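Order of the sequence lines fixes the chain letters, A, B, ..., with proteins taken first and strands second; residue numbering starts at 1 for each chain. The structure displayed is predicted, hence computed values, not measured ones.
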There are 2 protein chains.
Amino acid sequence: MQTQEYDPQLCAVANARPALRLSPAMPGFAPAQTWEPQPDAQVACSNCNLRELCVPAGLSRADMDRIDEVVGPRRKVLRGRELFHTGERFTALYAVRSGFFKTCVTTADGRDQVTGFQMAGEVMGLDGIMDTQHSCSAVALEDAEVCVMQYDRMQELAHEVSALQTQMHRIMSREIVREHGVMLLLGSMCAQERVAAFLLNLAQRMHARGFSRTEFILRMTRADLGSYLGLKLETVSRTFSKLQDEGIVDVRWRHLRILDMAALEGLVGRQA
Amino acid sequence: MQTQEYDPQLCAVANARPALRLSPAMPGFAPAQTWEPQPDAQVACSNCNLRELCVPAGLSRADMDRIDEVVGPRRKVLRGRELFHTGERFTALYAVRSGFFKTCVTTADGRDQVTGFQMAGEVMGLDGIMDTQHSCSAVALEDAEVCVMQYDRMQELAHEVSALQTQMHRIMSREIVREHGVMLLLGSMCAQERVAAFLLNLAQRMHARGFSRTEFILRMTRADLGSYLGLKLETVSRTFSKLQDEGIVDVRWRHLRILDMAALEGLVGRQA
DNA sequence: CGAAAAGTTGATTGTCTTCAAAACTGGTGG
DNA sequence: CCACCAGTTTTGAAGACAATCAACTTTTCG
């Protein structure tokens, strides 16, 4: 897959057609609420506009209906609040319904590392399966809503619906592959390549959700981004400024526009 | 869990009792052959001395017997040869029976990143589940033998034996958590901390297999280790020399002895 | 409106990389 | 069995890139 070569956060929606459009079509900077025309209505997986990107992807209509059994009530998470935190007992996986999250691991000595950013359709909490305890925390970077999937019920259902079992394996494998990409980024790329790879990945994921591929809002601070990319926030800021001087992007605060996609791709493809 | 704080390669054998001893007890530098008194005999999971570290961990005796159904004939891999490579069709997972492997991702432009080192009892190939194609390659760093587990048969069996389903989820989750640890290492530690964290992790894993915790052989080159740790081989070498000057370790070629475990732990626990 | 948070930019420092050469190890074939 | 050679490791010196420290600007939010 071509995209894997430069993707730091390897596409979390491997089999999403690029042409997928959510309805209604998003102008590009729609706030989270726009995702959900009917604010509090519970939407079944089979009716969810994220079904092609999320857990039910690839399941038959009948299987999808059964999945609704494990999806509990939605949970809202305000900006800055935690969905779960390190050490908390693991009981459920969470699919992002709207909004934007970061996950981070924290060490006893106060070191902190952002391990990923999650957007609509992506699953959080997989780290907790190992020993029924979350080993990272998830923080909403904007007001968000998640679908809560009780893990024990998922296991039961996966036992009956083998397509769900397959899909769970694929989701976990995808996360492993994504993290390989991040390791590649952290282990062998310079600052500019890291930022470029991140932007390309984010652009692709936005596009897969029907947003503009070239123009979007960065939901995280420079410090969060720096942590994820293994850089200090000043370096991230300087790198953005440099890319702007070179006419490759236009960055204004958190508003980002890619002006020269080819140049951005070129930055990641060639040796440092 | 205390160990998670400094483990780059988070313990791949989470529920192994530290006191686990393989029989016969290993003197510390036993070659791979020692693991297998009967060279070519097929050992069932239920009789395998690695069962507490590997896929059957935590399964009942009856379930373990059923697992033998999916474990095909062993496969030998000579030093330097690939078990599987990027792009190859994924059909099976592999459990290391003896020997030592590295896994690495490679990009079109020739960049290379070692994503992990695997030893007895650890599972390789999880990255291939996502799209039935391996996204990394596995190379034996010494003559090795693996148990081949056909994935489609594993899925069938997991459908019947729910304990196997649970265990597969745990193994994948463990890999995700391990990679979080590597991201923390690559994203926020200096060279000395990275090397120290790696040594502590390796020591722990050796110990879990009945080897000495303080004295072992490094099976990988400095270049491999550098790739894994996001450093150049010269930096790895210099860091070893520095740790040696400080009286913390004794390194001679690939033979390594930890002289001051507490000091090594201190290097990782405190802020850079 | 004012304070706090987030972001930018500059100067300097430090760590790691790069380039280079020498020393060591281990396997192979004479 | 020993010598040799390729691959690996060590060490040094110089240079590059990102981190650090610091000042200032802009935005956000109570």
Verify the distance criterion only: is there a donor paired with an acceptor across the side chains of A:T106 and A:T86 at less than 3.5 Å?
-> no

Return the value, rounded to whole Å, for the distance between atom CZ of B:F240 and atom C1' of D:dT10.
-> 13 Å

Nucleotide of D:dT20, D:dT11, C:dT9 approaching A:K232 most closely (side-chain heavy atoms) | D:dT20

To the nearest Å, give me how far apart CG (B:L233) and P (C:dT18) are.
-> 10 Å

Look at A:R254 and C:dG7 and indicate whether a side-chain polar atom (N or O) is within less than 4.0 Å of OP1 or OP2.
-> yes

In whole angstrom, give the distance that lies between atom NE2 of A:H255 and atom C1' of C:dG7.
-> 17 Å

Give A:L231 one of three labels, base, sugar-phosphate or nothing, depending on what nucleic acid heavy atoms sit under 4.0 Å from its own.
-> sugar-phosphate

Under 4.0 Å between any heavy atoms, over every strand shown, what does A:R79 touch: base, sugar-phosphate, or nothing? Just pick one.
-> sugar-phosphate

Taking the nucleotide of DNA chain D with the closest heavy atom to each, which residue, A:W253 or A:A191, is nearer the 5' end?
-> A:A191

Between the side chain of A:T214 and the main-chain N/O of A:I258, is any donor-acceptor distance below 3.5 Å?
-> no

Specify the separation, in whole Å, of atom CG of B:L218 and atom P of C:dT25.
-> 15 Å

Is there a donor on the side chain of A:R238 or the base of D:dT20 sitting less than 3.5 Å from an acceptor on the other?
-> yes

Scan A:G230 against the nucleic acid and name what it touches under 4.0 Å (heavy atoms): base, sugar-phosphate only, or nothing.
-> sugar-phosphate

Does a nitrogen or oxygen in the side chain of A:S241 sit under 4.0 Å from OP1 or OP2 of C:dT9?
-> yes

Length of the CZ-P vector between B:R219 and D:dT9, whole Å | 13 Å

A:R194 (side chain) donor-acceptor with A:M189 (main chain) under 3.5 angstrom | yes

Sugar-phosphate, base or nothing in reach of A:T221, heavy atoms under 4.0 Å | sugar-phosphate

Of D:dA19, D:dT11, D:dT8, the nucleotide closest to the side chain of A:T235 is D:dA19

Specify the separation, in whole Å, of atom CG of A:L229 and atom P of D:dC17.
-> 18 Å

When the ring planes of B:Y94 and B:F84 are compared, do they come out parallel, tilted or perpendicular, using 30° and 60° as the limits?
-> parallel

How long is the line joining NZ of B:K242 and C1' of C:dG14, in whole Å?
-> 12 Å

Select one nucleotide: of C:dA20, C:dC16, D:dT26, the one nearest the side-chain heavy atoms of B:E234.
-> C:dA20

Polar contact flag, side-chain donor to acceptor under 3.5 angstrom, A:E179-B:H180 | yes

Can you tell me how far P of D:dC17 sits from CE of A:M189, to the nearest Å?
-> 17 Å

